[in-house]
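Reading through the structure tokens given below for one structure.
Every chain is numbered from 1, with letters handed out A, B, ... down the list of sequences.
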Amino acid sequence: MVSLTINGQSVEVEPEATILQAAEKLGIFIPTFCYDPELTLVGACRMCVVEVEKARALMASCCTPVMDGMVVHTESERVIAARKENLNLLIANHPLDCLTCEKTGACRLQDYCYQYGISESDYHGDKKDYELDDTNPFFIRNMNKCILCGLCVRTCHEINGAGAVEFMNRGFDSKVTAAFDDPLENSSCVFCGMCVDACPVGALTPKHGIGKGRPWELKRVKTVCPYCGTGCGLELYVKGNTVVGAKGDVTSPASRGQTCVKGRFGFDFLQSPERLKSPLIRKNGELVESSWDEALDLIAKKFKEVKGTELAGLASARVTNEENYLFQKLLRSLGSNNVDHCARL
Amino acid sequence: MYEKHILICAGTGCISSGALDVEEALIEELKKHNLQDKVRIIMSGCHGFCEKGPLFIVYPEDIFYCEVTAEDMPELVEEYLVKGNIVERLLYKDPTTDKRVISHEEIPFYSKQMRLVLRNCGVIDPENIDEYIIRGGYSGMKKALEMEPIEVVNAVKSSGLRGRGGAGFPTGMKWEFAYRSQNDKKYMVCNADEGDPGAFMDRSVLEGDPHAVLEGLVIGGRAIGSDEAYIYVRAEYPLAIKRLRTAIAQAEEYGLLGKNIFNSGIDFKINIKEGAGAFVCGEETALLASIEGERGLPRPRPPFPAVKGLWGKPTCINNVETLANVPLILRKGADWYSSIGTEGSKGTKIFALTGKINNTGLCEVPMGISLREIVYDIGGGIRNGKKYKAVQIGGPSGGCIPEELLDLPIDFDSLTAKGAMMGSGGMVVMDEETCMVDLARYFLSFTQNESCGKCTPCREGTKRMLEILLRITQGKGEPEDIPRLEKLAVSVKDSSLCGLGQTAPNPVLTTLRYFRDEYEAHIFDRRCPAGQCKDLLTYYIDAELCIGCRACIKACPAEAITGEKKEPHVIDEAKCISCGACFDKCKKDAVKTK
């Protein structure tokens, strides 16, 4: 174990820990934009800088390993000045349309500006002026709001593996974009939406939730995605009795916050008037709502009428492997091998 | 049997001035006089005195002809090589005494220098390995291969050699870190991505003495336990790349590189990686990313490359000039080396003199020499008898040194203490006509353009600093701009990810420190004291010089000039847009600025 001092408090951590992790252990909060423990550490946003005694410049706490006897200050005058200047620079190049921005209330840029008392920038010069990319059905990309932390890029490369977005140009003209600066649908993007969840600001906005509720108004309900047998954990955002958003549940052991396009964006069926909520039985050529008892009785009756191979069953990709297993077992016990699955179609 | 050797400088500077034409004309003239078997022509590396190129030196007499052209060849061959009469008009003329001098040793540009790293530049044929070997080449390497690795590390450590790439980190310590890193594979890397505007010492060493760098790499490899090196050299240096390739091939042929060098059982391979020209790739972690085929973006340190470098393996990165020092240290001993220079900075340093100075070129001087000696003795003073104002040392990452610090002994620590830095050793000399705000703007426009964009302070901060500076030079500066600039500069320096951002504010901070009055004049008086910022100039016509030709009236796009023919004209300041059209047009220099 390595022991160090942060803001006058001693702490012992594993030798491979970072200053940020040591501070977390002490309950000391350090603001970050580009940090995600699941991704490569890049030390790019410089928001987490801290003062390490004897070091020449400020150090990024997210990626600086601890050293025995290290003395760290996370809120010194020098550190606060650097963080304030960092925010000052970011909002000089960021549309301050927080009144209508979907991210308001969950935006880290907004939170830190609040924390450090930055209401407007000292700098009035060039600003990014990119066209909105809203041609895909799932989310809007507003690169004018992007603070270039690179979380989306690393998520796309390291977690999804699609590698659909990267940085282009350099310096002030840096921009996150798909190959040839094309809209995302022309790229290798699979619209898993994990970049949207990674974005600390309002650069990536899911279309379905626009105008439907502020983060603090929404109840978060944990559930399991119904689309396939993987069983990914989802958190649904609910306002009143309406689901207005979804994102991966990082506490789910099956998926650790990862999603695919269906789970992340495909929940509109929940409120669809055409959604089946009870069994339908065809009576006199018309489908009529019925009770489960009535429907199951009917099925049992039909099972008895047909013999062996006259019976066929079609299972669903939406249920689990175990349920599919039981289904084919059932069919075989009734004497039929005619069992299939919609994923084969 | 050759009777004479003629060295024609074939550094990039002299080639631009026509050295290759000179060579061609000389070959022809020699044939005409049937001297081709008696006179050997050697196209050498850079001699440093680029101002007077192409240079043409005749041995054994050691006669230094300068600014020779192809047209001079018939006369030179006829008069000197045939008849033995020195061609006076092509000799160097000392500007202070007006006397012609024969040997380069009599020229002040050379006499104050101590050419150790440049010992072979301009003396040997860089494309002939034998010439390097005759002058002691590869004997340092032989010695190193007979020593234990830690002994090599200790020799470099006790020599006091510090990295010549900019930060001045002790080379021996760097080697020791890499030596102590345990791994089955380690790399040596030579940083030849010389990117500072105005600095070209690395290019000259690579072009003039490539084997010195190769020898330095093998010695470094022996020290840290590496069998492979990369030389990261910018693609804009085609001649350096060509000569490096030739040198590597020759060394491999002689068994000085490759498998089992000198039967020592040690292998060493050197690869060349051509850089595509990003300034940030001179930063070591960005350079490594570039070799790996990634975007040239810096990575956070620690882990330092000595622990986790190229492809995750321990890597030692040294600059060209640093590596060229190494063979000498091994050959002549650490004690000899550490006897040169100052307490904290040993050996010599090569500076590239450019700007408003008489003798532009490369000079190598012992550490601790004063700036005054470099500017006035070696550099021959300021051009056109103008007054010295400042020297920008260390390129865009460095700072300016004003007149009151001319007697400052130049070494790593003294420069850093004054807000500048050694950097790679570029020296841009400014005279009284240089506007220091505009100078800061120029260097900021460079770093802003070269910022990779990865970290916020550098990406956004350099842009805002540049915008403020631009505004000040355009006469739109606000009183708050000075404290704003200072606050921003300190923060960018303090919190940027890599050396580029951490040093980019230096030109701003040093000009503010030494020339604050110029900033204030721009902002409060709307005046550029050096008379350079176009938007701040007031134009007027000197009535005594004006002949009333109406040329300026016709040129003025704002109809601000009035006056009858043959009568002195007058500029209406209220209408003038300071475009300078009248100034350019006037043949009598009657249009003045204030």
Side-chain angles (χ1 to χ4, degrees), chain A residues 16 18 33-34 40-51 55-67 78-94 121-128 147-150 153 166-176, chain B residues 167 278-280 285-286 294-304 307-308 416 445-468 470-471 478 480-481 483-485 487-504:
Chain A
E16 58 273 12
T18 62
F33 285 121
C34 71
T40 307
L41 302 175
V42 291
C45 75
R46 315 309 285 174
M47 199 56 204
C48 72
V49 289
V50 293
E51 192 172 342
R56 195 169 39 90
L58 298 175
M59 308 292 284
S61 59
C62 71
C63 55
T64 306
V66 291
M67 268 168 68
R78 204 174 138 203
V79 169
I80 291 176
R83 289 195 192 142
K84 281 185 166 180
E85 204 56 34
N86 194 318
L87 293 168
N88 202 336
L89 288 168
L90 284 176
I91 61 167
N93 198 7
H94 187 92
S121 181
D122 289 342
Y123 311 110
H124 307 283
D126 285 353
K127 276 188 157 195
K128 286 180 285 226
I147 57 166
L148 296 161
C149 70
V153 174
E166 244 302 352
F167 290 101
M168 69 173 240
N169 294 337
R170 70 176 180 211
F172 192 77
D173 300 323
S174 299
K175 179 187 175 189
V176 174
Chain B
F279 181 63
V280 73
T285 58
E294 302 280 329
R295 259 170 89 92
L297 300 182
R299 297 165 182 168
R301 297 177 307 180
F304 287 93
V307 177
K308 200 172 167 222
T416 310
S445 70
F446 179 85
T447 33
Q448 193 267 324
N449 200 28
E450 294 293 341
S451 167
C452 78
K454 181 170 178 174
C455 81
T456 313
C458 178
R459 179 185 70 237
E460 309 285 334
T462 53
K463 171 78 176 176
R464 300 307 166 203
M465 277 193 278
L466 177 61
E467 283 176 345
I468 296 173
L470 200 63
R471 197 157 72 204
E478 300 162 7
E480 310 83 60
D481 278 343
R484 208 176 263 163
L485 259 182
K487 179 170 70 106
L488 180 53
V490 167
S491 171
V492 172
K493 199 176 162 76
D494 216 12
S495 57
S496 288
L497 169 61
C498 82
L500 196 161
Q502 286 167 5
T503 57

Checklist entry - Given a strict heavy-atom distance threshold of 4.5 Å, which part of B/Leu297 is in contact with chain A: side chain, backbone, both, or neither? => result neither

Next on the checklist: Is any side-chain heavy atom of A/Met59 closer than 4.5 Å to one of B/Pro302?
Outcome noted: yes

Checklist entry - Side chain, backbone, both or neither: which part of A/Phe33 has a non-hydrogen atom closer than 4.5 Å to chain B? => result neither

Checklist outcome for this item: Residue from A/Arg83, A/Arg170, A/His124, A/Met47 scoring the most non-hydrogen pairs under 4.5 Å with chain B is A/Arg170

Checklist entry - Among A/Asn86, A/Asn93, A/Asn88, which residue meets the side-chain hydrogen bond (donor to acceptor under 3.5 Å, both in side chains) test with B/Glu460? => result A/Asn93

Checklist entry - If you count heavy-atom pairs under 4.5 Å between each of B/Val280, B/Asn449, B/Thr462 and chain A, which one has the most? => result B/Asn449

Checklist entry - Do you know which two heavy atoms are closest between A/Phe172 and B/Gln448, and how far apart they sit? => result CB-NE2, 3.6 Å

Checklist outcome for this item: Okay, A/Ala82 and chain B: the region with an atom under 4.5 Å from a heavy atom over there is both

Next on the checklist: With a 4.5 angstrom heavy-atom cut-off, is it the side chain or the backbone of B/Arg464 that approaches chain A, or both, or neither?
Outcome noted: side chain

Next on the checklist: As an exercise: rank A/Asp122, A/Asp173, A/Val49 by heavy-atom pairs under 4.5 Å with chain B and give me the winner.
Outcome noted: A/Asp122

Checklist entry - If you tally heavy-atom pairs under 4.5 Å against chain B, which of A/Asn169, A/Ile147, A/Asp126, A/Leu90 wins? => result A/Asp126

Checklist outcome for this item: Between A/Arg56 and B/Asp494 the two heavy atoms that sit nearest each other are O-OD1, 4.2 Å

Item to check | Minimum-distance pair of heavy atoms, taken over all atoms of A/Gly43 and B/Leu497 | outcome: O-CD1, 3.8 Å

Item to check | Any donor-acceptor pair under 3.5 Å from A/Glu85 side chain to B/Lys487 backbone | outcome: no

Next on the checklist: Within a 6.0 Å radius of atom NZ on A/Lys84, are there more than 12 heavy atoms belonging to other residues, nucleotides or ligands?
Outcome noted: no

Checklist entry - For B/Lys454, is it the side chain, the backbone, both or neither that has a heavy atom under 4.5 Å from a heavy atom of chain A? => result both

Checklist entry - Where on A/Val42 is there a heavy atom nearer than 4.5 Å to chain B: the side chain, the backbone, both, or neither? => result both

Checklist entry - What part of B/Glu480 gets closer than 4.5 Å to chain A, counting heavy atoms only: side chain, backbone, both or neither? => result neither

Next on the checklist: So does B/Thr456 get a backbone contact from the side chain of A/Arg46, meaning a donor-acceptor N/O pair under 3.5 Å?
Outcome noted: no

Checklist outcome for this item: Output for pair (B/Arg459 CZ, A/Leu89 CG), nearest 0.5 Å, gives 9.0 Å

Next on the checklist: Strictly distance-based, threshold 3.5 Å: is any side-chain N or O of B/Arg295 a donor or acceptor partner for the main-chain N or O of A/Phe167?
Outcome noted: yes

